[in-house]
Peer 1: 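So that we are looking at the same thing, I have put the structure below in structure tokens.
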Amino acid sequence: MQTNPIPLPLYDSFRKEYKQPFGAVKRLQSCVFTLRFPTYIQVERVTLVMSRPGHKEKHAAFEYHSNENGVYNLYTCTYTPQDLGLHQYYFMVTRGGANSMIKRHAHSASEGKFDGTELFHLTVFDENTKDIDWLKGGIMYQIFPDRFFKYIPDEDDDAERPTLPIGRTLHNDWRTQPDWRPNSEGIVTNSDYFGGNLRGIEEKLDYLSSLGVTCIYLNPIFEAHENHRYNTANYEKVDILLGNEADFKRLCERAKARGMGVILDGVFSHTGADSIYFNKYGRYGNDKGAYRDAESPFRNWYNFTHYPNVYESWWGFESLPNVNENDPNYTNYICGDDGILQKWLKLGASGWRLDVVDELPDEFIDSLNKAVKGVGDDKVIYGEVWEDATTKEAYGQRRRYLIGGQLDSVMNYPFKEAILRYIRYGDSQILRDGVMGILERYPKPSADILMNFLSTHDIERALTRLAGAEIGENDREWQERNTLSDAEYMYGIALLKCAMVLQFFLPGIPCVYYGDEAGAEGYKDPFNRKTYPWGRENTDLLEFTRELASIRRGCRVFAEGELEFVDVGKDYCVFIRKDISLMQGAVIFLNKSKSPRSFKLSSVIGTGRKPHFVRARAAADDNRNVYVSPYDYAVVKYELCELDKVDTDIREEIIIYE
């Protein structure tokens, strides 16, 4: 069934027919704005009003351009931004001697209306920003080191047998539940370990290769006395249960030989209280560390209100004393020549992921960037940002993470939320607006390598989020008790496959949290941090993941291709990735319903093109229809033509469902 074309909006920031180029622009890169007024609207003057928070507005006049099909009068304006940062804009229109404004409608992420109330955004980033090419088109794999794989040396192996540090316990059974109950003093110590180690990761490099992995992201590996290791005790040493410096160097070398980089987790806003720097409990000597020695070289790293017992700590956790990142000694220790950042990069790491980056001051991130890029422009810096990184404010400041000289990209929490809400609840607007909004505001070099995950160590496993009961405010007792029934598990696997299709084929790079590909479930910490289920994997899901990886790695359009949502419904999604420089396109059809569905292919790619069915079942006679099974997908590649280089009118209803 076809529908009549709907009226075109006055302005739509997502569409190139209205703003060229789409999305963020480099400083001094011109962009062209177009407004479409129905001919019955008499316009006397149109002005672009552009501003940055805290700065004066700038104005640019529109000119009449043309009439479109006798229905719309088009006005255009070219604007060349001079300044970096997040800009905001709207349009002033004079009609009948009176001024009115076109702003973004509150119920739309991109459309402008006369009764709109929200400003549009334009991100302007440094024209010298460099792409991190080795990550593009690849696949990331996140490992919580203690829980991935435990390498046990043979008697003939000369590997070190680590001694268990005081205060730690080691599980004998890999399959047991992590400890979570408080001790007799009411403290959750996080002191239980399973013994996963760097040699274990090395042993599984071939497994990771089979998943198409090109980048391994490791949760913290440095000496620390809780199993998550976010309470660093010594930045200069690998934790004894994980191995040693030689193990790390060898892991990086052998990963590189398989086409993989290794990214480390950097926790620089706080240290552990039980560390060589703070040494609250005396593990490192009775008169060492900032807590025990007022003359310690580490004393000025910390803020003591009443020395030594009252001090600033991360979110009030006394086990995590905050550091003064801008203390010259601390900054130099982390960011100086041959400091912590460069030490581990020179040992083989390919970059850093910065924990709670909003807790780090801009000056420190600037220094960090210089240190990392001083080793190589290809060394990547990711930041943990849960919100839109371009509009993020922290401690009263608009952050400048992605405009140049700080982060290369971020963890993509907005995509995660949009995908999971769409797959579970069918909220198509959340998917379209959530994805396109981020792509509109993020510089393309950042968007191409966004860390697109569905689960992490901080949130529920995607399988549980999709098929389990809502966690709400339920405590750990409830979380441990509520596991998926067999029916919920099978339904969850079907939904997870659909979510992974979006994860692997939308812009950015998929980041698979260890065990997701094997069917792991669990609510929040520690239930999302169970050991990898070796020998108990969901082999169907594992092969599905390998198939996604093979398609992604085999089609270059997924590295940098632009995105166009063709149609998004409650239980189906069709989108295109296309790269003009390659003259290639790919259409992804997702059917997340329990019934088969067919799509009219020619309505998507046009007629006269020969499709290449990468993963699809098509009609044998004319290749006009693509058939997709329940909870399944199809991928069709095609060659672009000269017409694809031209920005044509907005599509009408183009898909036929049967």
Peer 1: Any donor-acceptor pair under 3.5 Å linking the side-chain atoms of Q406 with those of D362?
Peer 2: yes

Peer 1: Determine, for Y633 and R615, whether the Lys NZ or Arg CZ falls below 6.0 Å from the six-membered ring centre while staying within 45 degrees of the axis.
Peer 2: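 Yes, cation above the ring, under 6.0 Å and within 45°.
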
Peer 1: Strictly distance-based, threshold 3.5 Å: is any side-chain N or O of Q20 a donor or acceptor partner for the main-chain N or O of Y18?
Peer 2: no

Peer 1: Is it true that, when you exclude R45 itself, more than 12 heavy atoms of the residues, nucleotides or ligands shown sit nearer than 6.0 Å to its CZ?
Peer 2: no

Peer 1: To the nearest 0.5 Å, how far apart are CG in L86 and CZ in F125?
Peer 2: 13.5 Å

Peer 1: Between K136 and D131, does the salt bridge (Lys or Arg N to Asp or Glu O under 4.0 Å) criterion hold? Intermediate values first, please.
Peer 2: CA-CA 9 Å; K136 293 180 183 177; D131 292 42; 2.4 Å; yes

Peer 1: Evaluate the side-chain proximity of Y75 to E63: yes if any heavy-atom separation is below 4.5 Å, no if none is.
Peer 2: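 They are not in side-chain contact.
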
Peer 1: Would a 4.5 Å heavy-atom cut-off, applied to side chains only, mark M50 and E57 as touching?
Peer 2: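 Not in contact.
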
Peer 1: Measure the shortest side-chain to side-chain distance between C641 and R609 over non-hydrogen atoms and say whether it is less than 4.5 angstrom.
Peer 2: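 Contact flag for C641/R609 side chains = yes.
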
Peer 1: I'd like to know whether NE2 of H107 has more than 12 heavy-atom contacts from other residues, nucleotides or ligands below 6.0 angstrom.
Peer 2: no

Peer 1: Does NZ in K392 sit with more than 12 non-hydrogen atoms of other residues, nucleotides or ligands closer than 6.0 Å?
Peer 2: yes

Peer 1: Could you grab the distance from atom CD1 of I381 to atom OH of Y401, nearest 0.5 Å is fine?
Peer 2: 13.5 Å

Peer 1: With a 4.0 Å cut-off on N to O distance, would you call D388 and R441 a salt bridge?
Peer 2: yes

Peer 1: Would you tabulate the side-chain donor-acceptor contacts of residues 490-514 under 3.5 Å, counting partners in other chains and residues two or more places apart, or write 'none'?
Peer 2:
unit_1 : atom_1 : unit_2 : atom_2 : d
K497   : NZ     : D540   : OD2    : 2.5
Q503   : NE2    : N452   : O      : 3.1
Q503   : NE2    : C511   : O      : 3.1
Y513   : OH     : N528   : O      : 3.0
Y514   : OH     : R529   : O      : 3.4
Y514   : OH     : K530   : O      : 2.7

Peer 1: Salt bridge between K16 and E562, side-chain N to carboxylate O under 4.0 Å?
Peer 2: yes

Peer 1: Salt-bridge test for E118 and K113: reply yes if a basic N is under 4.0 Å from a carboxylate O, no otherwise.
Peer 2: no

Peer 1: Distance check, rounded to the nearest 0.5 Å: I423 atom CD1 versus L431 atom CG?
Peer 2: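 Spacing of CD1 (I423) from CG (L431) equals 7.5 Å.
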
Peer 1: Under a 4.0 Å threshold between the charged nitrogen and the carboxylate oxygen, would E521 count as salt-bridged to R461?
Peer 2: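 No, R461 and E521 are not salt-bridged.
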
Peer 1: Taking NZ, NE, NH1 and NH2 as the nitrogens, is one of them in D408 or K130 under 4.0 Å from a carboxylate oxygen of the other?
Peer 2: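 The answer is no: the pair does not qualify as a salt bridge.
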
Peer 1: Count the heavy atoms belonging to other residues, nucleotides or ligands that lie under 6.0 Å from CZ of R27, then report whether that count exceeds 12.
Peer 2: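 Yes, CZ of R27 has more than 12 neighbouring heavy atoms, counting only those of other groups under 6.0 Å.
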
Peer 1: Would you check, one step at a time, whether the test side-chain hydrogen bond (donor to acceptor under 3.5 Å, both in side chains) holds for N73 with T39?
Peer 2: CA-CA 6 Å; N73 288 323; T39 53; 5.8 Å; no

Peer 1: Can you check whether E17 reaches R36 side chain to side chain, under 4.5 Å on heavy atoms?
Peer 2: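 With C-beta onward as the side chain, the pair touches.
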
Peer 1: Might you confirm whether atom NE2 of H121 has over 12 heavy atoms from other residues, nucleotides or ligands at distances under 6.0 Å?
Peer 2: yes

Peer 1: Is the side chain of N591 donor-acceptor paired with the backbone N or O of D632 at a distance under 3.5 Å, no angle test?
Peer 2: no

Peer 1: Check D265 with R353, please: is the shortest side-chain N to carboxylate O separation under 4.0 Å?
Peer 2: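 Yes.
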
Peer 1: Is the backbone N or O of N99 less than 3.5 Å from a side-chain atom of T94, with the two atoms forming a donor-acceptor pair by type?
Peer 2: no

Peer 1: Check the pair E417 / R465 against salt bridge (Lys or Arg N to Asp or Glu O under 4.0 Å), numbers first and verdict last.
Peer 2: CA-CA 10 Å; E417 195 60 26; R465 173 80 186 273; 2.6 Å; yes

Peer 1: Under the criterion side-chain hydrogen bond (donor to acceptor under 3.5 Å, both in side chains), I'd like the reasoning laid out for S446 against S409: C-alpha separation, chi angles, the key distance, then a yes or no.
Peer 2: CA-CA 5 Å; S446 300; S409 195; 4.9 Å; no

Peer 1: Looking at D358 and R399, is there a salt bridge between them, counting it only when a charged N and a carboxylate O are closer than 4.0 Å?
Peer 2: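 No, R399 and D358 are not salt-bridged.
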
Peer 1: For a salt bridge (Lys or Arg N to Asp or Glu O under 4.0 Å) check, start with the C-alpha distance between D427 and K570, then their side-chain angles and the critical distance, and finish with the verdict.
Peer 2: CA-CA 6 Å; D427 194 331; K570 183 177 181 180; over 6 Å; no

Peer 1: Say you draw a straight line from CG of L548 to CZ of R553; how long is it, rounded to the nearest 0.5 Å?
Peer 2: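 L548 atom CG to R553 atom CZ measures 13.5 Å (nearest 0.5 Å).
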
Peer 1: What's the verdict on side-chain contact (heavy atoms from CB on, under 4.5 Å) for Y72 and I41, showing C-alpha distance, side-chain angles and the deciding distance?
Peer 2: CA-CA 9 Å; Y72 297 99; I41 297 179; over 6 Å; no

Peer 1: Start with the C-alpha distance between R52 and D83, add both sets of side-chain angles, then the distance that settles salt bridge (Lys or Arg N to Asp or Glu O under 4.0 Å), and finish with yes or no.
Peer 2: CA-CA 9 Å; R52 289 186 298 145; D83 303 297; 3.6 Å; yes

Peer 1: Classify the angle between the aromatic ring planes of F33 and Y11 as parallel (below 30°), tilted (30 to 60°) or perpendicular (above 60°).
Peer 2: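 Rings of F33 and Y11: tilted, as their planes differ by 30° to 60°.
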
Peer 1: Testing F575, Y627, F599, F613 for ring-ring contact (aromatic ring centres under 6.0 Å, His included) with F589, which one passes?
Peer 2: F599

Peer 1: Using the side-chain contact (heavy atoms from CB on, under 4.5 Å) definition, which of the options H87, K103, R104 pairs with L119?
Peer 2: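 Between L119 and the candidates, side-chain contact (heavy atoms from CB on, under 4.5 Å) is satisfied uniquely by K103.
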
Peer 1: So Y89 and F91, would you call those rings parallel, tilted or perpendicular, with 30° and 60° as cut-offs?
Peer 2: perpendicular

